[in-house]
Amino acid sequence: MDKSLLNNNEYSWCFACGKDNPSGLHMRFEIDDDKCTAYFTPRREHQSYPGRMHGGLVAVLLDEVTGNYLFAKEGKPSYTAKIEIRYRQPLAIGEEVVCTGRELKRKGRMVEMQGTICKKDGTLLAECLSKMMIVDETPQPSRKLAAGEGEEE
Ligand SMILES: CCCCCCCCCCCCCCCC(=O)SCCNC(=O)CCNC(=O)[C@H](O)C(C)(C)COP(=O)(O)OP(=O)(O)OC[C@H]1O[C@@H](n2cnc3c(N)ncnc32)[C@H](O)[C@@H]1OP(=O)(O)O
């Protein structure tokens, strides 16, 4: 991966994984040969109906774990072109889940991805099938750098 993508740019503001985004989920990942894994514990601020995580944020977990797999493998961003989600059981506030992203197949720059979210005992809570388009993108400088205010850290 081109490490310059990770420095001095806007990636640290990603809502799902950006370390500098105070409103973000701060997801962290483990990359294996064939999958990306993230562990996440929904908090009360992620709630929809009492005790369960908001479905839009469940979608973020799935989108991010699949996108991160491709980012790690390709060293380039990929944009979500399509995502279909099956919400099987609620994600409980306060209970850690395991998110997994895998590549299913690809044609050109379009990659079909599968994402799952399970309880630690393996119970499937939510899953997605998505299409992600790998793009050639030049890293964007952070807003402060662009404004000539110097590095943020
Ligand atoms: C320590 C620090 C670590 C830091 C570590 C950072 C890691 C960082 C990882 C971040 C991980 C983020 C994971 C979230 C990812 C987002 O959230 S991305 C944001 C949400 N998505 C978007 O904004 C995408 C918006 N859409 C687009 O930009 C464009 O439509 C696309 C998807 C790039 C495609 O555009 P395009 O390249 O112009 O392609 P286009 O000509 O439209 O289509 C070409 C072919 O592709 C196929 N295709 C295109 N769209 C579709 C579709 N929706 N469905 C099916 N087929 C399609 C078709 O075959 C199409 O051919 P035709 O049917 O048109 O003949």
Side-chain angles (χ1 to χ4, degrees), residues 1-43 45-48 52-88 90-91 93 96-119 124-147 149-153:
M1 184 195 303
D2 178 359
K3 297 288 184 192
S4 69
L5 277 171
L6 305 179
N7 298 317
N8 298 338
N9 62 42
E10 289 282 321
Y11 283 86
S12 66
W13 281 83
C14 173
F15 174 73
C17 69
K19 66 179 173 55
D20 292 331
N21 188 335
S23 305
L25 300 182
H26 298 154
M27 291 175 72
R28 290 291 174 262
F29 307 92
E30 296 169 7
I31 305 288
D32 298 321
D33 284 345
D34 66 339
K35 69 177 190 302
C36 176
T37 308
Y39 301 87
F40 187 79
T41 304
R43 299 187 298 277
E45 60 265 36
H46 307 139
Q47 182 165 288
S48 57
R52 66 176 67 202
M53 190 178 191
H54 196 289
L57 294 178
V58 174
V60 172
L61 298 182
L62 289 165
D63 198 18
E64 184 70 15
V65 78
T66 49
N68 220 279
Y69 173 83
L70 280 182
F71 189 88
K73 289 295 171 186
E74 303 292 331
K76 295 176 185 173
S78 57
Y79 295 155
T80 313
K82 185 176 183 180
I83 184 164
E84 184 177 49
I85 297 171
R86 172 81 160 94
Y87 295 93
R88 293 183 177 276
L91 273 66
I93 301 302
E96 188 179 48
V97 295
V98 185
C99 313
T100 308
R102 284 191 172 81
E103 178 175 335
L104 295 180
K105 60 181 177 183
R106 66 171 73 192
K107 187 177 176 191
R109 293 182 298 130
M110 188 64 87
V111 188
E112 275 189 46
M113 299 293 301
Q114 178 193 49
T116 59
I117 301 177
C118 296
K119 287 188 189 182
L124 182 61
L125 302 176
E127 59 191 323
C128 80
L129 287 176
S130 65
K131 290 189 175 181
M132 306 198 81
M133 178 76 86
I134 299 168
V135 292
D136 282 313
E137 183 186 88
T138 306
Q140 298 296 305
S142 73
R143 286 188 203 90
K144 280 188 180 174
L145 285 173
E149 293 174 29
E151 180 51 279
E152 289 168 281
E153 293 182 45

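As a basis for the values below, the full set of heavy atoms in this structure was taken, side chains included, without hydrogen atoms, waters or symmetry mates. Start at 1 and go down the list; that is how both ligands and their atoms are numbered. Remember, predicted model here, so these are calculated numbers, not experimental data.
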> Quick check: does any side chain N or O of Asp32 sit under 3.5 Å from a backbone N or O of Asp34, one acting as donor and the other as acceptor?
Replying inline: no
>> With a 6.0 Å cut-off on the ring centroids, do Tyr69 and Phe29 count as close?
In response: no
>> What I want to know is whether Cys17 and ligand 1 share at least one N or O pair that is separated by under 3.5 angstrom.
In response: no
> Do any N or O atoms from the side chain of Lys73 and from the backbone of Asp33 form a donor-acceptor pair under 3.5 angstrom?
Replying inline: yes
>> Heavy atoms only: which of Gly108, Ala81, Ser130 lies closest to atom 32 (C) of ligand 1?
In response: Ala81
>> Which option wins on minimum heavy-atom distance to atom 44 (C) of ligand 1: Glu112, Met133, Lys107?
In response: Met133
> Just which atoms of ligand 1 are under 4.0 Å from any heavy atom in Tyr79?
Replying inline: 18 (S), 24 (C), 28 (O), 33 (C)
> Between Met113, Glu64, Lys131, which one has a non-hydrogen atom sitting closest to atom 10 (C) of ligand 1?
Replying inline: Glu64
>> Restricting to salt bridge (Lys or Arg N to Asp or Glu O under 4.0 Å), what partner residues turn up for Arg109, sequence neighbours left out?
In response: none
>> Using a 4.0 Å cutoff against the non-hydrogen atoms of Arg109, which atoms of ligand 1 qualify?
In response: 37 (O)
>> Suppose I only count heavy atoms of Met110 and a 4.0 Å limit; which atoms of ligand 1 are within that range?
In response: 46 (O), 47 (C), 48 (N), 49 (C), 50 (N), 51 (C), 56 (N), 57 (C)
> Around Glu45, counting heavy atoms of other residues, nucleotides and ligands shown, do more than 12 lie under 6.0 Å from its CD?
Replying inline: yes
> Looking only at atom types and distance, does a side-chain atom of His46 sit under 3.5 Å from a main-chain N or O of Arg52, one as donor and one as acceptor?
Replying inline: no
